[in-house]
Chemist: 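The structure's right below; bear with me while I get my questions together.
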Amino acid sequence: MEEDLKRKLARYFRKVDTIEPQEKKSEDFSSRLNTPTTDSIESLKQSNENEEGKSERKEERIFQLKKKLEEIERKTKQRIQKIPVKEAQLISQQSVEISTIGTLPTKAMPGGFVSTPYGEIWINETKRSLGDRFGSIYLCDILSFGKETASMVCMNSAFDDFDPNRAVYIDTETTGLEFSCATIPFLIGLGFIEGKEVIIRQLFIDRIEKEPEVLRLLSDFLEGRKHIVTFNGKSYDIPLLKTRYILNRINFDLDAFLNFDLLTAVRRIYKRRIKDCSLVSCERQILGFLREGDLPGDMIPEIYASFIREQKEGLMPFVFHHNVQDIVAMVALMGAIGRLVSWREEEDTCTHPSDLLSLAAISSKQGRHTEAEEIWGFGKENLEGEGRLESLVGLARLARRRKDYFSATQLLETALEEVPDSPHLHLMLSKIFEHDIENYEKALQHAINSRGAEDEEKWQRRVERLRKKLKNK
DNA sequence: AACACATCATGGAGGTCTGA
DNA sequence: TCAGACCTCCATGATGTGTT
């Protein structure tokens with residue numbers, strides 16, 4: 001059985017190895033960073049060789065780009081120094097050396113038996129420095145997560161006091177996805193920030209009958225904490241753990257914790273540019289990080305079953321490793337969200353335009369019009385194409401809302417210069433001219449051009465109505 | 001497979017305006 | 001004065017999606 005799994009895993013890694021170059025190729029983080037990556041420098045180098053006459057100028061350009069990269073690294077270090085949280089002061093300059101988290105799991109089973117009030121329990125503890133880099137994000141970016149960020153991205157005032165630096169990051173590995181009595185969370189990973197480190201403590205059920213003891217230990221670890229962060233935990237980890245507490249007749253109220261579900265936040269912010277919002281996909285596409293030595297989630301139940309049957313570690317170290325990666329990725333993602341929301345302070349603009357536009361939409365929905373206006377204003381001046389268009393329309397809606405019809409029509413007319421045939425823009429203008437300004441001539445003109453934005457029947461009625469109004473004026 | 005969202009489409013409520 | 005048309009806002013239902 002174990003050999004089967006090993007073969008399966010080997011096949012999987014071969015598959016990953018073969019697709020990796022392509023995936024890396026399709027990832028263009030340079031556009032996100034507004035800065036060239038090493039790859040783009042290399043490709044620039046290659047094209048230089050083909051154009052000998054221009055080589056000197058391009059060499060100079062490469063030199064400039066490299067300098068820019070160094071500048072970004074320098075600013076990141078400065079950012080750490082600026083972090084307004086007391087703990088951040090503990091992060092020395094030395095710990096901020098560029099190191100990327102992506103170590104392969106050790107062959108041996110990590111951790112060991114620890115004597116607890118509930119008996120001997122297998123626990124593994126791993127630490128990551130907040131100075132570690134996870135793709136384009138430093139783990140210490142979590143410390144700059146603003147006070148209002150959580151309530152903003154969760155669109156819920158209950159998160160007003162949410163502090164991701166004091167939260168527990170929870171990820172479970174289980175014996176399957178089905179919510180049956182037989183599904184147990186055999187590995188419970190808990191991440192928390194202490195000083196200048198992220199501590200990942202993993203509680204392992206090495207024998208099925210030890211589940212109640214591990215659950216009791218978990219409740220002890222969570223004692224005194226109020227906030228948790230999960231990825232899809234609202235639907236998966238937390239309901240599962242709640243069921244296990246009930247089935248084991250242990251009184252522990254997981255509903256008392258405020259759960260920041262990263263999946264919800266990620267979908268809200270990044271959905272427009274990444275279709276697949278799984279954690280691994282977020283790592284690659286938002287953080288720019290490619291996992292090494294990871295295994296697919298659907299193999300995990302089988303690996304644990306094999307461990308229980310044969311009482312041999314087999315591939316369990318990979319599962320421990322996978323769990324640590326998930327927790328660290330959650331911390332990094334929180335950092336990415338924190339940085340996005342504090343985009344004004346980002347001199348090196350690591351921010352993707354579409355993420356900013358999502359943020360504007362979220363702000364607008366919550367009635368945070370000043371924030372939305374600020375982002376759309378930035379978009380109007382600094383973006384091109386669809387981003388600029390969306391910013392102009394957003395600003396026009398806000399202007400109409402505050403009854404500034406002059407600005408609203410001006411903004412929409414500017415948008416029309418970019419896409420003169422847009423029936424939707426013509427429809428918006430037609431409504432403002434008809435209902436707000438009462439300029440029926442212009443309203444009719446735009447109504448005629450709005451064909452296609454709504455039903456043919458509605459369009460005809462609108463045009464006819466405006467013709468009548470114009471006649472009777 | 002269970003669950004909790006998110007998004008999208010649809011329709012109703014309530015307010016305002018027009019024209020007979 | 002009142003029916004009808006239009007707007008915005010909100011509620012509801014269908015569908016899709018992550019988790020191991």
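Note that these values count all heavy atoms, side chains included, but never hydrogens, waters or copies made by symmetry. A note on names: the letters A, B, ... follow the listed sequences, proteins ahead of strands, and every chain is numbered from 1.
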Chemist: So, is A:Tyr236 close to the B:dC5 phosphate, meaning a side-chain N or O under 4.0 Å from OP1 or OP2?
Modeler: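 Negative; the distance criterion is not met.
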
Chemist: Can you check the A:Leu427 CG to C:dC6 P distance for me, whole Å?
Modeler: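 Computing the A:Leu427:CG to C:dC6:P distance gives 11 Å.
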
Chemist: Applying a 4.0 Å non-hydrogen cut-off, can you work out what A:Thr172 is touching in the nucleic acid: base, sugar-phosphate, or nothing?
Modeler: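 Since only primed, P, OP1 and OP2 atoms lie under 4.0 Å of A:Thr172, the category is sugar-phosphate.
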
Chemist: Whether A:Arg462 contacts C:dC7 is assessed here as follows: a side-chain N or O lying under 4.0 Å from the phosphate OP1 or OP2. Is that the case?
Modeler: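 Yes, because at least one side-chain N or O of A:Arg462 sits under 4.0 Å from OP1 or OP2 of C:dC7.
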
Chemist: Of the nucleotides C:dT20, C:dG18, C:dC7, which one has an atom closest to the side chain of A:Lys271?
Modeler: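 Selected nucleotide: C:dG18.
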
Chemist: Within the structure provided, determine whether A:Val341 and A:Glu371 are in side-chain contact (heavy-atom separation under 4.5 Å).
Modeler: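 Not in contact.
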
Chemist: Considering every strand and a 4.0 Å limit on heavy-atom distances, what is the contact class for A:Asp237: base, sugar-phosphate, or nothing?
Modeler: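 No contact at all - A:Asp237 keeps every heavy atom at 4.0 Å or more from the nucleic acid.
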
Chemist: In this structure, how many angstroms lie between the C1' atom of C:dT19 and the CE atom of A:Met330, rounded?
Modeler: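 That distance rounds to 11 Å.
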
Chemist: Just the dot-bracket of DNA chain C, please: which string comes out with Watson-Crick or G-U pairs under 3.5 Å, [ ] for crossing, | for another strand?
Modeler: |||||||||||||||||||.

Chemist: Any base atoms under 4.0 Å from A:Asp171, or only sugar-phosphate, or nothing? Heavy atoms, all strands.
Modeler: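 Since only primed, P, OP1 and OP2 atoms lie under 4.0 Å of A:Asp171, the category is sugar-phosphate.
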
Chemist: How do A:Cys154 and A:Gly176 order along DNA chain B: which one's closest nucleotide is nearer the 5' end?
Modeler: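 Its nearest nucleotide lies further toward 5', so the answer is A:Gly176.
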
Chemist: Along nucleotides 9-14 of chain B, 5' to 3', which nucleotides get a B, which get an S, and which get a -, given that the test is a protein heavy-atom distance under 4.0 Å?
Modeler: ------

Chemist: Between C:dT20 atom P and A:Gln202 atom CD, what is the distance in whole Å?
Modeler: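 Checked: the CD to P distance equals 13 Å.
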
Chemist: Figure out the CD/C1' separation between A:Glu302 and C:dT20, and round it to whole Å.
Modeler: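 That distance rounds to 12 Å.
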
Chemist: To the side chain of A:Asn232, which of B:dA1, C:dT20, C:dG18 is closest?
Modeler: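 Of all the options, the side chain of A:Asn232 is nearest to C:dG18.
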
Chemist: Would you check if there is a donor-acceptor pair between the side chains of A:His352 and A:Ser354 at a distance under 3.5 Å?
Modeler: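 Side chains of A:Ser354 and A:His352: pair found under 3.5 Å.
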
Chemist: Is the shortest heavy-atom distance from the side chain of A:Glu283 to the side chain of A:Leu279 under 4.5 Å?
Modeler: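 Counting from C-beta outward, A:Glu283 and A:Leu279 do come under 4.5 Å.
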
Chemist: Describe the nucleic acid contact of A:Asn259 in one word from base, sugar-phosphate, nothing, applying a heavy-atom distance below 4.0 Å.
Modeler: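 No contact.
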
Chemist: Please evaluate the base of C:dT17 for a donor-acceptor partner in the side chain of A:Arg267 within a cut-off of under 3.5 Å?
Modeler: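 Answer is yes: a donor-acceptor pair is held.
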
Chemist: Any side-chain heavy-atom pair from A:Leu429 and A:Thr409 closer than 4.5 angstrom?
Modeler: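 When only atoms from C-beta onward are counted, A:Thr409 and A:Leu429 do touch, with a gap below 4.5 Å.
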
Chemist: Output the single nucleotide from C:dT19, B:dA4, C:dT20 whose closest atom is nearest the side chain of A:Lys234.
Modeler: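 That would be B:dA4.
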
Chemist: Measure CZ/A:Arg244 against P/B:dA2 and give the value in whole Å, please.
Modeler: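 A:Arg244 atom CZ is separated from B:dA2 atom P by 16 Å.
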
Chemist: What nucleotide, of B:dT18, B:dA4, B:dA1, holds the atom closest to the side chain of A:Leu177?
Modeler: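 The answer is B:dA1.
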
Chemist: Measure from the side-chain heavy atoms of A:Arg400 and tell me the nearest of C:dT19, C:dT17, C:dC7.
Modeler: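 Ranking C:dT19, C:dT17, C:dC7 by closest atom to the A:Arg400 side chain puts C:dC7 first.
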
Chemist: Separation of A:Asp255 atom CG from B:dA4 atom P, in whole Å?
Modeler: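 Roughly 10 Å, once rounded to whole Å.
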
Chemist: Students often get this wrong, so: under 4.0 angstrom with heavy atoms, is A:Lys275 touching a base, only sugar-phosphate, or nothing?
Modeler: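 The residue A:Lys275 makes sugar-phosphate contact but no base contact.
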
Chemist: Test A:Phe145 against A:Phe162 for ring pair (Phe, Tyr, Trp, His ring centres under 6.0 Å), laying out the working first.
Modeler: CA-CA 10 Å; A:Phe145 195 97; A:Phe162 190 88; 7.1 Å; no

Chemist: Can you say whether the rings of A:Phe257 and A:Phe252 are parallel (under 30°), tilted (30 to 60°) or perpendicular (over 60°)?
Modeler: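 Because their plane-to-plane angle lies in the 30° to 60° range, the rings of A:Phe257 and A:Phe252 count as tilted.
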
Chemist: Find out whether A:Asp261 and A:Tyr236 are in side-chain contact, i.e. whether some heavy atom of one side chain is under 4.5 Å from a heavy atom of the other.
Modeler: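 No, every pair of side-chain atoms sits at 4.5 Å or beyond.
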
Chemist: Any side-chain heavy atom of A:Phe221 sitting closer than 4.5 Å to one from A:Leu203?
Modeler: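 The answer is yes, as the side chains (C-beta and beyond) meet within the 4.5 Å cut-off.
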
Chemist: Decide, yes or no, whether a salt bridge links A:Glu386 with A:Arg272 under the criterion of side-chain N to carboxylate O below 4.0 Å.
Modeler: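 Looking at A:Glu386 and A:Arg272, the cut-off is not met.
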
Chemist: Determine, stepwise, if the pair A:Asp132 / A:Lys127 fulfils salt bridge (Lys or Arg N to Asp or Glu O under 4.0 Å).
Modeler: CA-CA 11 Å; A:Asp132 281 347; A:Lys127 290 176 183 174; over 6 Å; no

Chemist: Using a cut-off of 4.0 Å on non-hydrogen atoms, how would the nucleic acid contact of A:Leu279 be classed: base, sugar-phosphate, or nothing?
Modeler: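 Sugar-phosphate: the residue A:Leu279, judged by heavy atoms under 4.0 Å, touches backbone atoms but no base.
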
Chemist: Rounded to the nearest Å, what distance is computed from the CG atom of residue A:Leu466 to the C1' atom of nucleotide C:dC7?
Modeler: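 These atoms are roughly 14 Å apart.
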
Chemist: In this structure, how many angstroms lie between the P atom of B:dC5 and the CD1 atom of A:Ile238, rounded?
Modeler: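 To the nearest whole Å, that distance equals 12 Å.
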
Chemist: Around atom NZ of A:Lys271, are there more than 12 heavy atoms of other residues, nucleotides or ligands at under 6.0 Å?
Modeler: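 Yes.
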
Chemist: Looking only at N and O atoms, is any donor in the side chain of A:Ser235 or the base of C:dG18 less than 3.5 Å from an acceptor on the other one?
Modeler: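 It does, because a donor-acceptor pair links the side chain of A:Ser235 to the base of C:dG18 below 3.5 Å.
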
